[in-house]
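As structure tokens, the structure follows; a few thoughts come after it.
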Amino acid sequence: MLLLLPLLFEGILCHGPGTKAAHILGLHHPAAEEPPAFYLLQTSSFANHSWQHTQSSAWVGELQTHRWDNDMGTIVFLRPWSQGNFSEEELKHLQALLQLYFHSFPSQVQELSSQFQLKYPFEIQVLSGCRLHPGKASESFLNAAYQGSDFLSFQDNSWKPSPGAGSLAQNVCKLLNHYRVIKEIMKRILRDTCPQFLAGLLEAGKSELERQVKPEAWVSKGPSPGPGRLLLVCHVSGFFPKSVWVRWMRDGYPIFLILICLAVLLTLVMLVVADSWIKKQSSNVNICSLHGLRLNVPTKVNIQEARNLGHQLCLAQKSWMKNSFLNKCKISLSKLR
């Protein structure tokens, strides 16, 4: 497989990112916080020397766009816009490359299993793709896992073992790094071809990729886990994209009622205090008005003037009471000295 890959990679790499792709990269501004990514998922299970099974799919964010048909050896386009801005010729080269890869991968792994004494059964997972950053260079990645743990990655034009992967990963990377042509091809595909294809997908599928659907939630009763216990199951579905927060609240309904009752009681207390204050102020005004009426005010003075005069006298009386209180305080303080 390692020797045959350059023959087919050359057909794809001759079509670099053109003016159209660069224009799309500059204009695209993702609505989500996380930059959009295109990635390929591969899971290969090896039961023994003669049986293996591989599943592969491609995604843009949380939306699946492609899958690989093992029986037909073809790409299945799951969306009307899954071809992006690639031409028919470019897609044919890509499909031929994948045919060679998925045909050769099992036999290559079987050889490595004998060379490095891998124990059956085992599973290999591969995640590769790229991510677009607005106004910045694209980011590419290729990671492989063995038996569910990080194994190796492709970084800076070389294969590197994952931290803690052990001597097996180091030996495999050492073998792969001998093939310089393959490393250069992988670099150009991840750096150029993948961002170009992703840019076309984002432009062609913009309306579907940027849509947002609110989640629907409901609670159902499950089988009782024991006497006096109730099992409630929360169902949340129909939302897009996949990021969603679901929170359980214990005794939430009674607490909500208590909060409402407290709010009502607080409002009533405030109304009672306000009513008492208003009555007190009205009583003070009446007293001041009576003091004003006891004066020898000419009969021809209108009622409004009498009220104003009474109000002024009331203020003067309050000021006198305040000064008298302060004076008494000063006298008390002087005695304490």
Side-chain angles (χ1 to χ4, degrees), residues 8-9 11-13 15-18 20-44 53-102 105 125-134 138-145 154 186 188-213 215 237-244:
L8 288 176
F9 273 120
I12 291 182
L13 295 176
H15 303 281
K20 182 177 180 181
H23 181 66
I24 295 174
L25 287 173
L27 291 180
H28 180 73
H29 299 282
E33 295 181 1
E34 184 175 320
F38 173 76
Y39 53 94
L40 301 172
L41 289 176
Q42 174 192 343
T43 302
S44 298
H53 180 70
T54 297
Q55 289 183 332
S56 299
S57 59
W59 302 71
V60 176
E62 297 85 29
L63 193 66
Q64 185 177 358
T65 55
H66 308 79
R67 68 176 179 86
W68 181 255
D69 189 327
N70 291 318
D71 297 330
M72 301 297 296
T74 57
I75 303 173
V76 179
F77 299 94
L78 302 178
R79 309 288 169 179
W81 43 269
S82 292
Q83 296 186 6
N85 61 0
F86 267 31
S87 63
E88 293 294 333
E89 182 181 359
E90 290 173 316
L91 291 175
K92 287 181 180 179
H93 283 296
L94 180 61
Q95 183 165 276
L97 166 66
L98 293 175
Q99 287 175 347
L100 174 63
Y101 173 75
F102 287 117
F105 181 79
Q125 297 169 310
V126 180
L127 173 67
S128 61
C130 55
R131 180 177 288 106
L132 297 182
H133 296 274
S138 60
E139 172 192 357
S140 59
F141 50 88
L142 192 157
N143 303 289
F154 186 79
M186 292 301 302
R188 294 176 60 186
I189 283 183
L190 293 174
R191 183 191 63 187
D192 300 333
T193 307
C194 183
Q196 178 190 5
F197 189 56
L198 174 56
L201 290 176
L202 293 176
E203 183 68 16
K206 184 177 180 179
S207 59
E208 186 172 0
L209 291 170
E210 295 184 358
R211 68 186 177 93
Q212 293 185 356
V213 181
S237 64
F239 55 90
F240 185 86
K242 71 177 182 180
S243 300
V244 64

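Screening residues 77-87 for salt bridge (charged side-chain N to carboxylate O under 4.0 Å, His left out), with sequence neighbours left out, gives Arg79-Glu208. Every pair tested for side-chain hydrogen bond (donor to acceptor under 3.5 Å, both in side chains) that includes a residue from residues 61-71 fails, sequence neighbours excluded, so the list is empty.
Between the CG atom of Leu209 and the CG atom of Leu201 there is a distance of 8.0 Å, given to the nearest 0.5 Å. Note that the CG atom of Leu63 and the CZ atom of Phe38 stand 11.5 Å from one another [nearest 0.5 Å]. We find the CG-CH2 distance between Leu127 and Trp59 to be 12.0 Å, quoted to the nearest 0.5 Å. The SG atom of Cys130 sits 10.5 Å away from atom CD of Gln196, with the distance rounded to the nearest 0.5 Å. Atoms CZ and CG, on Phe154 and Asn143 in that order, are 12.0 Å from each other to the nearest 0.5 Å. Rounding to the nearest 0.5 Å places CD of Glu90 at 11.0 Å from CD of Gln83.
Just one residue in the list Leu132, Leu198, Leu190 forms a side-chain contact (heavy atoms from CB on, under 4.5 Å) with Ser138, and that residue is Leu132.
Heavy-atom minimum distance, His133 versus Pro35: ND1-CG, 3.5 Å. Scanning all heavy atoms of the two residues, the minimum distance from Ser82 to Phe197 falls at O-CZ, 3.5 Å. Shown here for Trp81 and Ala204, the closest heavy-atom pair between the two residues is CB-CB, 3.5 Å.
Among residues two or more places apart in sequence or in another chain, the side-chain hydrogen bond (donor to acceptor under 3.5 Å, both in side chains) test is passed with Thr54 by Ser44, Gln52.
Using modelled atom types, no side-chain atom of Tyr39 and backbone atom of Leu142 make a donor-acceptor pair closer than 3.5 Å. With hydrogens and angles disregarded, a donor-acceptor distance shorter than 3.5 Å links the side chain of Gln99 to the backbone of Gly73. The backbone N or O of Val126 lies less than 3.5 Å from no partner atom in the side chain of Gln42, so there is not a single donor-acceptor pair.
At a threshold of 4.5 Å between non-hydrogen side-chain atoms, the residues Leu91 and Ile75 do not count as touching.
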